[in-house]
Amino acid sequence: MASAILASLFHPSEVLALVQYKLAPKTKYNYSNDKARERLYYHLNMTSRSFAAVIQDLDEELKDAICLFYLVLRGLDTIEDDMTIDLETKIPYLKTFHEIIYQKGWTFTKNGPNEKDRQLLVEFDVIIEGFLKLKPAYQTIIADITKRMGNGMAHYATAGIHVNTTADYDEYCHYVAGLVGLGLSEMFSACGFESPMVAKRKDLSNSMGLFLQKTNITRDYLEDLRDNRRFWPQEIWGLYAEKMEDLVKPENCDKAKQCLSHMVWNAMGHIKDVLEYLEMIKNPSCFKFCAIPQVMAIATLNMLHTNYKIFTHENIKIRKGETVWLMKESDSIDKVAAIFRLYAREINNKSDPLDPHFVNIGVACGEIEQICVDKYPGSTAELARLQAGVMAGTSGSIITAAVVVAGAIAFKSTFA
Ligand code: D61
Ligand code: MG
C-alpha cells in the first residue's frame, strides 16, 4: 500500500482512490456458509488478478454462472498454455473439454509442476460440481462456447500452424477471447438484464474480447517468446525483422519500436466497437463488469505505446493506483468515454513523428475523440474533471501532499 501510494504521488486522484480502496470494508464477500461455493471463489481469486473483483461485484443472478464460465475456460486455457504437454495428449483434451465438464469427479494432473493454474485442474471436480448446479440455460451457453474455443485452440496448437496473417490473428483472438464476449452477451440477454439486441450484436461482443486479448498479446511479447509461443502475426513482424525473436536484438531497436506501434494501432481498431457495445449495456453491475477490463486495456495500451521495455522486461503493468482509480470511475458511458479520450490523447502525445504509424495512430485517436464528442457529449465535462485529477502541476502536487497526509493517517489508523 505505501509503495503504491508512492508510485501514484504525482496522480492525486489515484492516491485518493487508493486510500478509499484501503478503507473500504474488507468482508464484502462471505461464502463460508457454503463450503462448495467458497471453494469456487477460492479458485477464482487464485487464478485471476483482474477478473475476480469484477465478477464478484456482479448481481447474484449472474455471479455464479459467470464465475463458472471463467473457471471452465481458465481450465481449458491451462491445458492450451502448457508447453510441457505433447500435442497428441493435448489436442484430444482441448476438443472434448465441453464434454468433460459434465463428468462428475474428473480431475487432471498432467500439467507441468510450474504451470501457474495447475491446482485448478487438480481440483477440477469442484468446478464440475458447481457447473452442474447452474441453470440449464447457462450450462448450455458455457458448454457451447467451450466446444468452439477448444476446437479453435486445437487448430492453432496443431504443429506447423501459427498466426500468419492479420486475419489469423483476428481468428485466434476470436477463439480465445471473442467467444467469451459472445457467451457473456448471451447470458446478459438470457437473464433479462439486457435487451435481446446485446446477444444479437456478435460483432461488437467479439470486439470486446479482441481488444483485451490483443492488448495482452502485445504486452506479453517477451514472456510468450520465452515459452516458445508466438502470437504476433508474421504479416506484421515480418515487415520489421527476419525472425520474430530478432526484434529483441539491440541493433534492431528502431525496427522493434515500429513493429510495436503497428501492434498498438492494430489493437486500437476495436475501440469504436467497444464503445458502441458499452453504450448498449444498461444494468449497472453488467456495465462495470464490462467496462473495467476495457479501460484497463486502453491504460495498458498507453503504457505499451513507444515503450521499448516490452522487449527487455516481462511483467510491465499499470500502477496499482491507476487500476483502483479506473475501477472507481468506470460507472457510466460518459465517464468511460472520457477515460478513452484521456488515454487516446496521451497515446497521441507520445507518438514519434518519425514512426511509420504516426499518422495512422493519430487518425485512430482523432476518431475516438470525434465519436465521443458526437455520441457522448457528457464525456467533455467528465474529461475536464479527470484531467484536474491526473494533473501533476503545482496545484496537483499541493493536493497530492494533502492527500498523502490523509493517506498516512488512514494507513496508521488501519494498522495501528
Ligand atoms: C466483458 C467482460 C469481460 C470480457 C468480455 C466482455 C469479453 C471477453 C473477455 C472478457 C475475455 C477476455 C480474455 C482476455 C484475457 N486473456 C486471457 O485470459 C487468455 O486466455 C484466453 C482463454 C481463456 C479465457 C478465460 C476468460 C477470461 C475472462 C473471462 C472469462 C473467461 C469468462 C467470463 C468473464 C471473463 C490468456 O490467459 C492468460 C493466463 O493464462 O492468465 C492466454 O492464455 O492467452
Ligand atoms: Mg492461452
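The analysis underlying the following values was restricted to heavy atoms, covering all of them including side chains, and did not include hydrogens, waters or symmetry mates. Ligands are counted one by one from 1 in listed order, and the atoms in each one are counted from 1 as well.
Looking at T47 against ligand 1, nothing comes within 4.0 Å, counting heavy atoms.
Here the two rings, on Y175 and Y172, have centers that are 6.0 Å apart or farther. For F69 and F51, the ring centers are positioned 6.0 Å apart or more. Y42 has its ring centre no less than 6.0 Å from the ring centre of Y31.
The nearest protein atom to atom 38 (C) of ligand 1, hydrogens excluded, is given as R74 NH1, 3.9 Å; this is a heavy-atom distance. What sits closest to atom 3 (C) of ligand 1 on the protein, heavy atoms only, is L184 CD1, 3.7 Å. Nearest protein neighbour of atom 9 (C) of ligand 1, counting heavy atoms only, is V180 CG1, 3.5 Å. With respect to atom 22 (C) of ligand 1, the closest heavy atom belonging to the protein is V176 O, 3.3 Å. From the protein, the heavy atom lying nearest to atom 35 (C) of ligand 1 is F51 CD2, 3.9 Å.
For ligand 1, the atoms lying closer than 4.0 Å to a non-hydrogen atom of R49 are 41 (O). Remark: ligand 1 atoms within the under-4.0 Å shell around heavy atoms of K116 are 39 (C), 40 (O), 41 (O). For ligand 1, the atoms closer than 4.0 angstrom to any heavy atom of G181 are 7 (C), 8 (C). Taking a cut-off of under 4.0 Å to the non-hydrogen atoms of D81, the atoms of ligand 1 that pass are 40 (O), 43 (O).
For the Mg ion (ligand 2), the nearest N, O or S atom contributed by E80 is named OE1. Closest approach between the Mg ion (ligand 2) and any N/O/S atom of D81 involves OD1. Nearest N, O or S atom of D77 to the Mg ion (ligand 2): atom OD1.
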Item to check | ring pair (Phe, Tyr, Trp, His ring centres under 6.0 Å) evaluation trace for F124 with F97 | outcome: CA-CA 12 Å; F124 209 71; F97 208 74; 5.4 Å; yes
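A donor-acceptor contact shorter than 3.5 Å links the side chain of D82 to the backbone of G112.
In this comparison of F289, F211, Y70, the heavy atom closest to atom 32 (C) of ligand 1 sits on Y70. Evaluated by nearest non-hydrogen atom to atom 44 (O) of ligand 1, the leading choice among Q213, K214, M187 is Q213. Across L210, N216, I281, L212, heavy-atom proximity to atom 15 (C) of ligand 1 is greatest for N216.
Contact annotation: the side chain of S261 approaches that of H305 to within less than 4.5 Å [non-hydrogen atoms, C-beta and beyond].
Under a 4.0 Å N-O distance rule, the pair R226/E223 does not qualify as a salt bridge.
More than 12 heavy atoms of other shown residues, nucleotides or ligands fall within 6.0 angstrom of atom CE in M83.
Between D77 and ligand 1, at least one pair of N/O atoms sits closer than 3.5 Å.
Looking at every heavy atom in both residues, N307 comes nearest to I316 through ND2-CD1, 4.1 Å.
The aromatic rings of F108 and W106 sit parallel, their planes meeting at an angle under 30°, below the 60° perpendicular limit.
The cationic atom of K63 (NZ for Lys, CZ for Arg) lies less than 6.0 Å from the six-membered ring centre of Y41 and within 45° of the ring axis.
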